[in-house]
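Remarks on the structure that follows.
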Amino acid sequence: MLLATLAHVSQEVAATSARSRKIALLAGLFRAAGPADVPVVIPWLAGRLPQGRIGVGWQALKDPVPAADTATLTIREADDAVTALAAVAGPGSQAERRRLVQALLGAATGEEQRFLIALLSGEVRQGALDAVAGEALAQATGAPSADVRRAVMLAGSLQSVAERLLADGPDALAEFRLTVGRPVLPMLARTAGSVAEAVEKLAPCAVEEKLDGIRVQVHRRGDAVRVYTRTLDDITDRLPEVTAAALALEGDRLILDGEVIALDADGRPRPFQEVAGRVGSRTDVAAAAVAVPLSPVFFDVLAADGEDLLDLSYAERRTTLDRLVPEPMRVRRVVAPAPDSAEAAEFWRATLGRGHEGVVIKALDTPYSAGRRGAGWVKVKPVHTLDLVVLAAEWGHGRRTGRLSNLHLGARQPDGSFVMLGKTFKGLTDAMLEWQTTRLKELALDDDGFTVRVRPELVVEIAYDGLQRSTRYPAGVTLRFARVLRHREDKRAEDADTVETVLGT
DNA sequence: TTCCGACAGTGGGGTCGCAAT
DNA sequence: ATTGCGACCCCACTATCGGAA
């Protein structure tokens, strides 16, 4: 199949907003693809490279390359070129990658170039990722979409399901079962504003500690242990403590779901940044493990003695977890039998008092919804707010093109100047974007085409989760997960919060 | 007809490893 | 030694489609 065919379909998918039309377009292309093209066509149209990380980003793609006049490039040839790119390493690799990228783009027409650049930079943005592509796959093959979805969760990727499905038909889906050693997409939680609100919806439910670390899925079969992240990357080699902990358990053929955190001598959790740094360290794991020892803490079990527990209720899975995992390695929790239970509020206070991030409220009767943001899990974290001053704004991309989007946030200093604490683009409705674009243009000092600096007069109310250490910003801290609540036209810059106030929180 | 679940998009900061300077 | 880049951790929130109620 020619790359031009695929690039054109991608463009059509991007051009329509109707999800049903996107699915029909993708399904048509999947049907037309030959068996040899399928392993490439499916991930490409879900916006992903089968080779994974290849070391090419916007920097390697920014130089324009003259386009070919006619479309001759095949999908196979383009895929081979990407494979060659992924293999480049060592001194001179950046230049070599750049050369290979330019050769590939030089063989492509304009439309093909646009698709390849989007694909290589991870910005296909056609309004269709795995879920929509999976739906199209079901349509193209006649398999029930619920079965395709379940197979994808259990396989951890669309691609492997697609290959089996297109080669052997819908019957092949039955082979995708929960298997110890093969990671499944983890269940995620939604957000609620308060514990009372969440318990109201979910009772009878449990309230669990929410630990601020790295999510892990631990598989153990005999002496073989593997540890996977939320995106199913294998990080076993970086977490020897987790392997040791898993081997010390009674049960076998296990899959456990939990979080790794770092604890001080007095049992209080250390900052997320330290945990992330530790998990990211791979060159000298032994030294890193001495500096920041990690503790795995589990909250769910997906398989025990090789048996699939996904469809059991949370209450039943938790009973199994309590049997298999000793108490210090399980998250603390209480059960709130009714919406007005006093236990929930008390547990929330105690959890925050111990220095943890928040709580997760879990309905007792829900199964493990792999890969979903299931309604059965709801997280609640404390929210702080500040009034800060907009110092500058950046022009948006995609659907925010032409709007000033990303705001630079400043806190007041005693001498009347401002110190930048971070940026945010979150929380803005289309109407707010429209309004702030107009307002900030009135305040503009200069515009370099990327950032518009403004007179520091517009006050915004910002919500955030807490402070974290920063080397990027002058105060030495930045806001974690800052988002805009509202513009405060009723406030002047002199009314904004000071750096002292921020640091005092 | 209205409501709501699922999905995609728009990016934030930090940290590590590697290559280039 | 320092800097720049890419990858991958953590993540909040809004808009939209289309099926459920």
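Reminder, nothing fancy here: chain letters follow the sequence lines and each chain counts from 1.
A straight line from CZ of A/Arg238 to C1' of C/dA7 spans 10 Å, rounded to a whole angstrom. Remark: P of B/dT15 and CZ of A/Arg480 are 11 Å apart, rounded to the nearest angstrom. Note: CG (A/Asp130) to C1' (B/dA6) measures 14 Å, nearest angstrom. Between A/Leu188 atom CG and B/dA6 atom P there is a gap of 12 Å when expressed in whole angstrom units. Atom C1' of nucleotide C/dA7 and atom CD1 of A/Ile235 are separated by 14 Å, given to the nearest angstrom. Per the geometry, CZ belonging to A/Phe272 stands 10 Å off C1' belonging to C/dC8, to the nearest Å. In this structure, CD of A/Glu274 is placed 12 Å from C1' of B/dT15, rounded to the nearest angstrom.
Regarding contacts with the backbone of B/dG12, every side-chain N or O of A/Tyr464 stays at 4.0 angstrom or more from both OP1 and OP2. Listed pair A/His397 / B/dG9 fails the phosphate criterion, with no side-chain N or O lying under 4.0 Å from OP1 or OP2. Contact annotation: A/Asn406 reaches the phosphate of B/dG12 (side-chain N/O to OP1 or OP2, under 4.0 Å). Note on A/Arg215: every side-chain N or O is 4.0 Å or more away from OP1 and OP2 of C/dC10. Checking the phosphate oxygens (OP1, OP2) of B/dG14, no side-chain nitrogen or oxygen of A/Gln273 falls inside 4.0 Å. Distances shorter than 4.0 Å separate none of the side-chain N or O atoms of A/Lys62 from OP1 or OP2 on C/dC5. Dashed line: the shortest gap from a side-chain N or O of A/Ser470 to OP1 or OP2 of B/dG14 is under 4.0 Å. Taking side-chain N and O atoms only, A/Arg149 has a distance below 4.0 Å to OP1 or OP2 of B/dC7. Proximity of A/Trp58 to the phosphate of C/dC5: no side-chain N or O atom is located under 4.0 Å from OP1 or OP2. Of the side-chain N and O atoms in A/Thr229, none sit less than 4.0 angstrom from OP1 or OP2 of C/dC8. Side-chain nitrogen and oxygen atoms of A/Arg125 include none within less than 4.0 Å of the OP1 or OP2 phosphate oxygen of B/dG9. Between C/dA12 and A/Lys379, a contact under 4.0 Å exists linking OP1 or OP2 to a side-chain N or O. Taking only side-chain nitrogens and oxygens, A/Arg400 never comes nearer than 4.0 Å to OP1 or OP2 of B/dG11.
Five base pairs at each end of the helix from B/dA8-C/dT14 to B/dT21-C/dA1 define two local axes, and these are offset by 20° (rounded to 10°).
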Report all interatomic pairs (protein N or O, nucleotide N or O of nucleotides 17-21 of chain B) with separations under 3.5 Å.
unit_1	atom_1	unit_2	atom_2	d
B/dG17	OP1	A/Arg282	N	2.9
B/dG17	OP1	A/Thr283	N	3.0
B/dG17	OP1	A/Thr283	OG1	2.9
B/dA19	OP1	A/Gly90	N	2.9
B/dA20	OP1	A/Gly92	N	3.1
B/dA20	OP1	A/Ser93	N	3.4
B/dA20	OP1	A/Gln94	N	3.4
B/dA20	OP2	A/Gly92	N	2.9

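Screening A/Val199, A/Leu364, A/Asp365 against A/Pro204 for a side chain to side chain contact (heavy atoms under 4.5 Å, CB included) leaves a single residue, A/Leu364. With A/Leu409 as reference, A/Val460 is the one residue of A/Val389, A/Leu391, A/Val460 to meet the side chain to side chain contact (heavy atoms under 4.5 Å, CB included) rule.
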I'd like a table of donor-acceptor pairs (distance under 3.5 Å, sequence neighbours excluded) in which one partner is a side-chain atom from residues 183-197 of chain A, with atom names and distances.
unit_1	atom_1	unit_2	atom_2	d
A/Arg190	NE	A/Arg373	O	3.0
A/Arg190	NH2	A/Arg373	O	3.4
A/Ser194	OG	A/Glu197	N	3.1

Hey, can you pull the donor-acceptor pairs under 3.5 Å for the side chains in residues 80-93 of chain A, sequence neighbours left out?
unit_1	atom_1	unit_2	atom_2	d
A/Thr83	OG1	A/Gln51	NE2	2.8
A/Thr83	OG1	A/Asp79	O	3.0
A/Ser93	OG	A/Gly90	O	2.8

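Listed by chain and residue number, A/Glu241 satisfy the side chain to side chain donor-acceptor pair (under 3.5 Å) test with A/Arg278 (two or more places apart in sequence, or in another chain). Partners of A/Ala108 according to the side chain to side chain contact (heavy atoms under 4.5 Å, CB included) rule, which considers only residues two or more places apart in sequence or in another chain, are A/Leu73, A/Glu112, A/Gln113, A/Leu116. Legend: residues meeting side chain to side chain donor-acceptor pair (under 3.5 Å) with A/Thr424, ordered by chain and number and at least two apart, are absent. Partners of A/Arg332 by salt bridge (charged side-chain N to carboxylate O under 4.0 Å, His left out), not counting sequence neighbours, listed by chain and number: A/Glu209. A/Gln436 meets the side chain to side chain donor-acceptor pair (under 3.5 Å) test with A/His487; sequence neighbours excluded.
If you find the closest nucleotide of DNA chain B to A/Gly277 and to A/Ala133, the one lying nearer the 5' end belongs to A/Ala133. Along DNA chain B, the nucleotide closest to A/Gly396 and the one closest to A/Gly371 are compared, and the more 5′ of them pairs with A/Gly371. Nearest-nucleotide positions on DNA chain C place A/Ala60 closer to the 5' end than the other of A/Ala276 and A/Ala60.
Residue-level contact check: A/Glu123 touches neither bases nor backbone, having no heavy atom under 4.0 Å from any strand. At the heavy-atom level, A/Glu394 lies under 4.0 Å from the strands shown only through sugar-phosphate atoms. Counting non-hydrogen atoms under 4.0 angstrom, A/Gly52 reaches nothing in the nucleic acid. A/Arg190 comes within contact range of the sugar-phosphate backbone alone, with a heavy-atom separation under 4.0 Å but no base atom that close.
Minimum atom distance to the side chain of A/Asp233 is reached by C/dC8, of the listed C/dC5, B/dA8, C/dC8. The side chain of A/Phe481 lies closest to C/dA12 when the candidates are B/dA8, C/dA15, C/dA12. Residue A/Gln468 places its side chain closer to B/dG14 than to any other of B/dG14, B/dG11, B/dC7.
At a non-hydrogen distance threshold of 4.0 Å, A/Lys426, A/Gly427, A/Leu428 from residues 418-428 of chain A come into contact with DNA chain C.
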Seminar exercise, completed: Heavy-atom contacts, protein to nucleotides 16-21 of chain C, under 4.0 Å, summarised as B (base), S (sugar-phosphate only) or - (none) per nt, yield BBS---
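Residues A/Arg480 and A/Asp465 are not paired through a salt bridge, judged by the lack of any N-O separation under 4.0 Å between the basic side chain and the carboxylate. Under a 4.0 Å N-O distance rule, the pair A/Asp257/A/Arg215 qualifies as a salt bridge.
Between the side chain of A/Asp497 and the main chain of A/Asp387, a donor-acceptor pair closer than 3.5 Å is present. Proximity of a side-chain donor or acceptor of A/Arg97 to a complementary backbone N or O of A/Gly55 within less than 3.5 Å is detected.
Other residues, nucleotides and ligands place no more than 12 heavy atoms under 6.0 Å from the CZ atom of A/Arg469.
Sequence neighbours left out, the pairs with a member in residues 9-26 of chain A that pass side-chain hydrogen bond (donor to acceptor under 3.5 Å, both in side chains) are A/Ser10-A/Gln126.
A 4.5 Å side-chain heavy-atom check between A/Leu26 and A/Leu29 finds every atom pair outside the cut-off.
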